[in-house]
S.K.: 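Supplied in structure tokens, the structure appears directly below.
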Amino acid sequence: MMEKYNHQKVEQHWQVEWEKRKVFSTDTDLKRNKYFIMEMFPYPSGRIHMGHVRNYALGDLVARYKKMMGLNVLHPMGWDAFGLPAENAARKEKSAPAKWTYSNISVMRNQLKSMGLSIDWDREIATCHPEYYKHEQRFFIELYKEGLAYKKESMVNWDPIDQTVLANEQVIDGKGWRSGAKVEQKNLSQWFLKTSAYSEELLSDLETLDKWPEKVKLMQTNWIGKSEGVEIYFKIKKSDMLSSEKIKVFTTRQDTIYGATFCAISCDHPIAKEISKSSSRVKNFIEKINKIKFTNDDEEKLGVDTGVEVFHPFKENKTIPVFIANFVLMEYGSGAIFGCPAHDQRDLDFAIKYKLDVIPVVRPNSLKEEEFKIKNEAYTEDGLLINSDFLNGMTVVDAKKAVSEKLCGSGSANLKINYKLRDWGISRQRYWGCPIPVVYREDGEIVPENIENLPIILPENIDFTGKGNPLDKNEEWKKTKCPITGMSAKRETDTFDTFFESSWYFLRYCSPRFKDPFDYDSIKYWMPVDQYIGGIEHAILHLLYSRFFTKALRDLKYFQFSEPFSGLFTQGMVTHQTYRSKEGVWLKPDDVYFDTAEKIYKKFDDRKDVELGRVEKMSKSKFNVVDPDSIIKKYGADTARWYMMSDSPPDRDLEWTESGIEGSFKFINKIWRLVVDINKGRKIAKKSRSNEDYHLLRSLNNYIEKITNNIEGFHFNKVIANIYELTSIAQKEYESKNLSEESLSVFVNAYVKLIHPIIPHISEEIWKLFGNKGMVIEQRWPEKISLDSVNEKVLVKLAIQINGKTRSVIEVDSNISKEKAENIAMKNSKVQKYAGSKKIKKVIYVPNKILNFVL
RNA sequence: GGGCGUGUGGUGGAAUGGUAGACACGGUAGACUCAAAAUCUACUCGGUGCAAGCCGGUGGAGGUUCAAAUCCUCUCACGCCUACCA
């Protein structure tokens, strides 16, 4: 009886061996080409989940493959270690955030190691370590000095009971997630980074990222939101209420200026504030809007006529009313618009409600002017100008140009490019984050710390029993001196947004223990990252901030390149079936069973019917989580890795099924049985090759090519299919033919390398079983073996079609000529039957694929 | 409202203009076994036929082509992102 494959023993053995022999340690080596691959680093929540397993299995496959291709591979790992959960745990379990975080890291590090990843653990970093965050404090000071970091008033979500600032996702239905109190908007002075200074570059450089998914680039493009238009100044008709003389309005549809029947400004517009001082009607309206802003998110348009009027820029003596409207945003453009109801749906809705004029000024090309009427739908398409004086008859494009020229020429407008992208607010009123290195002096001055004084370390003696930010209450820590004058001062108690840490960690991997932020030569050698792999949920924020950071650090002269990640891959989620009771309560998979008689799922306890929920992303609240740790223990890391690659393409969602993992497990064991068998058999086999061997060897060559191409193309599910096929061929050939010792060894030696990137442990074990020296991971990726195959023709299947419909399949020599193929096909009975005496009009021949007779 | 994506067997998915359903899961039957598990073998899109085969078939309707899951037009459904961005 054959010994069963013991995955626990084997996997542990090779993990120890790899570590002992420092196989994955890397160093700068200018003589070799580098390959920098990394996956998004995890938040140390306590345990890894299946999403991590998929992410790291994917990356590890590529990393091992590239290493075997002879590249100098850097594959590091770290921890995104600051964040709110550590503080929540501190409040709940009375454990210090640092202690909680480091203990989670050590658990998760072991879990990741049990996956058998080819990580250079010597480069491990944790962002909560002062030796990491001191560098970003330095960046902040340098950015501040360059004017790229600044302070301004900004609204935050404020929980009045917990006395704390809430993140957007902590506000549920306008209430604090923990206290349930109604969330208020509070104006706080906060730190910002000037991402907007790089809007244009962030947008235009997307074009250089040809190894990024189009989808991600599109999402970033939309987020940056460039729009070209004009700022028009509307002169205000003399009014007692106002000191301002004009209202600045941004538009991209200056061509519709003759259709303007009102102007609208935001509630937060300075003019609105000024009017509200003298008009109680306006004041009441603004207060009402501010109240319903966060409770009522439906899009009802509300406005109030301010009584102020402005002059139309082209129609002499014609005035239009100025409204304050809830749909005009202060944060975009100039916080004021002109309303052209005929050609903007929002303006039309507003005009109908407040009985304002609707003047159509663009008509569709297909309709005459008399036929064209605006009812409840604004016309936003292209067309020809009407009712517009000197613009009549022009196209939209020409009219835009004509209006811009005339208005700019007279000084009543400027060309203007607007971006939706706003500056990045980085202040968080939190303890567990990187302290912002500035002090507030007694005399009111804000002074950045001296770089020599860094790091500003988080205090350890903290009290989490109270409300609010513990740093703010820590008088001892807050008390300091001005680094320049020595005058007494107080520390900034806000900490950085955790996206700050993740915006540059890839750079730190290049020289993780260097005294300064970066060792220039290391950065120059390793950067940019060749392949970055992670979830699509970071398509905008993390990836955009990292791109911004890279450009900002470049401008601080740390290096010369502009983009951090030349290749990006976004993998899909891991999903799982959900179950719910008739009452709609989520059920654990263990609590339900399949009743084979009734063909329905039922609950164990009360035998009631169970409804199959949707297949959804694994989440604790839906009870559809599978724990990687127990899977790895039960089936082994190779099985888990194999399953992660099988079935679904890596960019799509992968559905976790019990039968799927079982199937993978069976296959791993099948591989083992087969190679053990072959190893025994080869010892009594004939020595050298004969005709019988060629089918196996030719298949091997064929699959070396397929597998290599599929790895290069990230078609890992197809790689899996290829290996299934190749294994099955090997098994059949071995059992049915008298193969030689030489070809069996050649086959297994290549096979073991082909499977290595996916299932490295069993691959090493087979390598050893066959008496080889060293390790598979140190070998070169297999190339096709040379075959003196002259003695056997390569036969291919050729489909014979009549009028494009396949009627027969013949086997021919792969390099057969068209004429020869035709001759053979013509004798085919099927062709005789269908073609008969009919005339053949045309013959289409695609070598090795089809031969089509058109009748 | 806007943008993007996806629709192929019982299921996950192959095929990116050239034999639709590779490979896997599940299922059915058989071999081995006292029995079960494991393993191995065969079959598994629908219709029809003893069979060789024939017919239909990639959400739906048209079109281009010798040939369409693939390209074009319209349409339906689902998913994701985003949202009063002037």
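Here the structure is a predicted model, which means the values were calculated and not measured. Every chain is numbered from 1, with letters handed out A, B, ... down the list of sequences.
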S.K.: Can you tell which of B:rC55, B:rU19, B:rA14 lies closest to the side chain of A:Ala799?
M.R.: B:rU19
S.K.: Between the base of B:rC66 and the side chain of A:Lys841, is one N or O donor paired with an acceptor at under 3.5 angstrom?
M.R.: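 Side chain to base: no pair present.
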S.K.: At under 4.0 Å, does any side-chain N or O of A:Tyr332 touch on OP1 or OP2 of B:rA86?
M.R.: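 A:Tyr332 to B:rA86 OP1/OP2: side-chain N or O found under 4.0 Å.
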S.K.: Verify the ring-centre separation between A:Phe262 and A:Phe338: is it less than 6.0 angstrom?
M.R.: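 Distance test on ring centres: not under 6.0 Å, no.
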S.K.: Who does B:rA22 pair with, Watson-Crick or G-U, both distances under 3.5 Å?
M.R.: none
S.K.: Look at the aromatic rings of A:Trp672 and A:Tyr5 and report parallel, tilted or perpendicular, splitting at 30° and 60°.
M.R.: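 Rings of A:Trp672 and A:Tyr5: tilted, as their planes differ by 30° to 60°.
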S.K.: Using a cut-off of strictly less than 4.0 Å, decide whether A:Arg807 has a side-chain nitrogen or oxygen near OP1 or OP2 of B:rG53.
M.R.: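 The answer is no; no side-chain N or O of A:Arg807 sits under 4.0 Å from OP1 or OP2.
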S.K.: Does A:Lys805 place a side-chain N or O at less than 4.0 Å from the phosphate oxygens OP1/OP2 of B:rG56?
M.R.: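 Yes.
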S.K.: When you check the phosphate oxygens OP1 and OP2 of B:rA86, does a side-chain N or O of A:Ser227 lie under 4.0 Å from one of them?
M.R.: yes
S.K.: Return yes if the base of B:rC66 and the side-chain atoms of A:Asn852 contain a donor-acceptor N/O pair under 3.5 Å, otherwise no.
M.R.: yes
S.K.: Taking the side chain of A:Gln801 as heavy atoms from C-beta outward, which of B:rU19, B:rA86, B:rA24 is closest to it?
M.R.: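 Given the options B:rU19, B:rA86, B:rA24, the side chain of A:Gln801 is closest to B:rU19.
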S.K.: Would you say A:Lys849 places a side-chain N or O within less than 4.0 Å of OP1 or OP2 belonging to B:rA67?
M.R.: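 For B:rA67, neither OP1 nor OP2 has a side-chain N or O of A:Lys849 closer than 4.0 Å.
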S.K.: Check the phosphate of B:rC4 against A:Asn222, side-chain N and O only, distance under 4.0 Å to OP1 or OP2. Yes or no?
M.R.: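 No, outside the criterion.
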